[in-house]
Amino acid sequence: MTKRIWEDLLTERDEQVISAAGYDKEGASSWESRGMGTNPMVLVIDMQRLVVGEDEPILDAVEEYRTAMGEIAWDAIDHIAPFLEFARGHDVPVTYTRVVPSSYDDSDHEDLDIVDAVAPKEGETVIDKSYASAFYGTDLLSRLVRGGHDSVIIVGNSTSGCVRATAIDAQQHGFNVVLPQECVFDRIEASHKIALMDLWMKYAEVLERDEVESWVEGIGE
């Protein structure tokens, strides 16, 4: 059973509400919107140099890039990198996004590069975006429809920002959303936990990475 990383934030009444409303039952949520699907695509959200930074404490990382998350990002990369290899090994397509801030005149600037540890393989798609959601102003929806996908597995950052916006848009376009909780991250721990809880209650399956891998392995059996 998944250990929910936000449980330490809950009051006793919160826990009672979650239980009474059935949120903690398999497949239940306020709008019955959680599910898994059988043909997923992995979306890797904004794993770029200016967001990741060096593998060092965040207060040191922000001295180079104010948006960098340092060891917070690298702790997640320790899970994201092997998960991507697992997905590729099970023929699950991997698609990347890059955010291109308006402050950058050159979209090929090295700050915007996806870090080597989780870089795309040859033939994998990288979608440039200007806003939080990977769906807004991009062809992601068309790619999912053409591929016959019914679900997305989202990894990357930030949990309360681009991951959340993408997850909500995916669900509202009719896709199941799956979040391996070790593979998403945010610069503020409270934002990370609260966003994951909110997504779990309304829009997505939030599971441990090994549970997501078990689901992928079981597809088609």
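Index from 1, following the sequence.
Contacts of Thr97 classified as side-chain hydrogen bond (donor to acceptor under 3.5 Å, both in side chains), with partners at least two apart in sequence or in another chain: Asp46. Legend: residues meeting side chain to side chain contact (heavy atoms under 4.5 Å, CB included) with Val100, ordered by chain and number and at least two apart, are Arg98, Ser107, Leu112, Asp128. In this structure, Arg187 has no salt bridge (charged side-chain N to carboxylate O under 4.0 Å, His left out) partners at least two apart in sequence or on a different chain. For Asp198, the side chain to side chain contact (heavy atoms under 4.5 Å, CB included) test picks out Arg164, Lys202, Tyr203, with sequence neighbours left out. Listed by chain and residue number, nothing satisfies the side-chain hydrogen bond (donor to acceptor under 3.5 Å, both in side chains) test with Asp106 (two or more places apart in sequence, or in another chain). Under the side-chain hydrogen bond (donor to acceptor under 3.5 Å, both in side chains) criterion, Glu213 pairs with Arg209, sequence neighbours left out. Partners of Ser158 under the side-chain hydrogen bond (donor to acceptor under 3.5 Å, both in side chains) rule, at least two apart in sequence or in another chain, do not exist in this structure. Taking the salt bridge (charged side-chain N to carboxylate O under 4.0 Å, His left out) definition, one finds that Asp186 meets it with nothing, sequence neighbours left out.
Rounding to the nearest 0.5 Å places CH2 of Trp6 at 6.0 Å from CD of Gln181. The distance from the CG atom of Asp14 to the CG atom of Leu9 is 9.0 Å, given to the nearest 0.5 Å. Atom CE of residue Met197 and atom NZ of residue Lys193 lie 11.5 Å apart, to the nearest 0.5 angstrom. Rounded to the nearest 0.5 Å, atoms CG (Asn176) and CD (Glu205) are 8.5 Å apart. Rounded to the nearest 0.5 angstrom, Cys183 SG and Asn157 CG are separated by 12.5 Å. Note: His109 NE2 to Asp111 CG = 4.5 Å, rounded to the nearest 0.5 Å.
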Please list every donor-acceptor pair under 3.5 Å in which a side-chain atom of residues 113-126 meets a protein atom from a residue at least two apart or in another chain.
from: Glu124; atom 1: OE1; to: Arg88; atom 2: NH2; distance (Å): 2.9
from: Glu124; atom 1: OE1; to: Lys121; atom 2: N; distance (Å): 2.8
from: Glu124; atom 1: OE2; to: Arg88; atom 2: NE; distance (Å): 2.7
from: Thr125; atom 1: OG1; to: Arg143; atom 2: NH1; distance (Å): 3.4

Please table the atom pairs, donor to acceptor, closer than 3.5 Å between any side-chain atom in residues 68-76 and protein atoms at least two apart or in another chain.
from: Trp74; atom 1: NE1; to: Gly53; atom 2: O; distance (Å): 2.9

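Linking Ile, Leu, Val, Met, Phe, Trp and Tyr whenever their side-chain heavy atoms come within less than 4.5 Å puts Ile77 and Val42 in one cluster. The cluster map of Ile, Leu, Val, Met, Phe, Trp and Tyr, joined by side-chain heavy atoms under 4.5 Å apart, puts Ile127 and Ile154 in the same cluster. No continuous path of ILVMFWY side-chain contacts below 4.5 Å connects Tyr65 to Val99, so the two sit in separate hydrophobic clusters. In the hydrophobic clustering of ILVMFWY residues, with side-chain heavy atoms under 4.5 Å counting as a link, Val145 and Val177 come out together. Following chains of ILVMFWY side-chain contacts shorter than 4.5 Å, one cannot reach Ile188 starting from Val52, and the two form parts of different hydrophobic clusters.
Counting only residues at least two apart or in different chains, side chain to side chain donor-acceptor pair (under 3.5 Å) contacts with residues 50-64 are absent.
Across every non-hydrogen atom of Val92 and Pro40, the tightest pair is CG1-O, 3.5 Å. Closest non-hydrogen pair, Asp150 versus Thr38, comes out as OD2-N, 2.9 Å.
Side-chain atoms of Asn39 and Ser151 include no donor-acceptor pair closer than 3.5 Å. Between the side chains of Asp139 and Ser142, not a single donor N or O lies within less than 3.5 Å of an accepting N or O.
No side-chain heavy atom of Trp215 sits under 4.5 Å from any side-chain heavy atom of Asp210. Taking the side chain as every heavy atom from C-beta outward, Phe83 and Glu182 never approach each other to under 4.5 Å.
With Glu211 contributing its side chain and Glu208 its backbone, the two residues share a donor-acceptor pair below 3.5 Å.
Other residues sharing a hydrophobic cluster with Tyr136 under the 4.5 Å side-chain heavy-atom criterion for ILVMFWY residues are Tyr131.
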Full working for side chain to side chain contact (heavy atoms under 4.5 Å, CB included) between Val184 and His79: CA-CA 9 Å; Val184 295; His79 291 276; over 6 Å; no

Where do Leu199 and Leu179 land on the side chain to side chain contact (heavy atoms under 4.5 Å, CB included) test, with the steps shown first? CA-CA 9 Å; Leu199 288 165; Leu179 299 174; 3.7 Å; yes

Val152 vs Leu144, test: side chain to side chain contact (heavy atoms under 4.5 Å, CB included). Steps then yes/no. CA-CA 9 Å; Val152 294; Leu144 288 164; 3.8 Å; yes

Kindly determine whether Asp169 and Thr166 satisfy side chain to side chain donor-acceptor pair (under 3.5 Å), including the steps that lead there. CA-CA 5 Å; Asp169 275 1; Thr166 299; over 6 Å; no

Steps toward side chain to side chain contact (heavy atoms under 4.5 Å, CB included) verdict (Leu196, Ile5): CA-CA 8 Å; Leu196 271 184; Ile5 65 170; 3.3 Å; yes

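Enclosure of atom CZ in Arg66 is not indicated, since only 12 or fewer non-hydrogen atoms of other residues, nucleotides or ligands lie within 6.0 angstrom.
Of the candidates Ile153, Val163, Leu140, Leu140 is the only one forming a side chain to side chain contact (heavy atoms under 4.5 Å, CB included) with Leu43.
Between His192 and Phe185, a ring centre-to-centre spacing not shorter than 6.0 Å is recorded.
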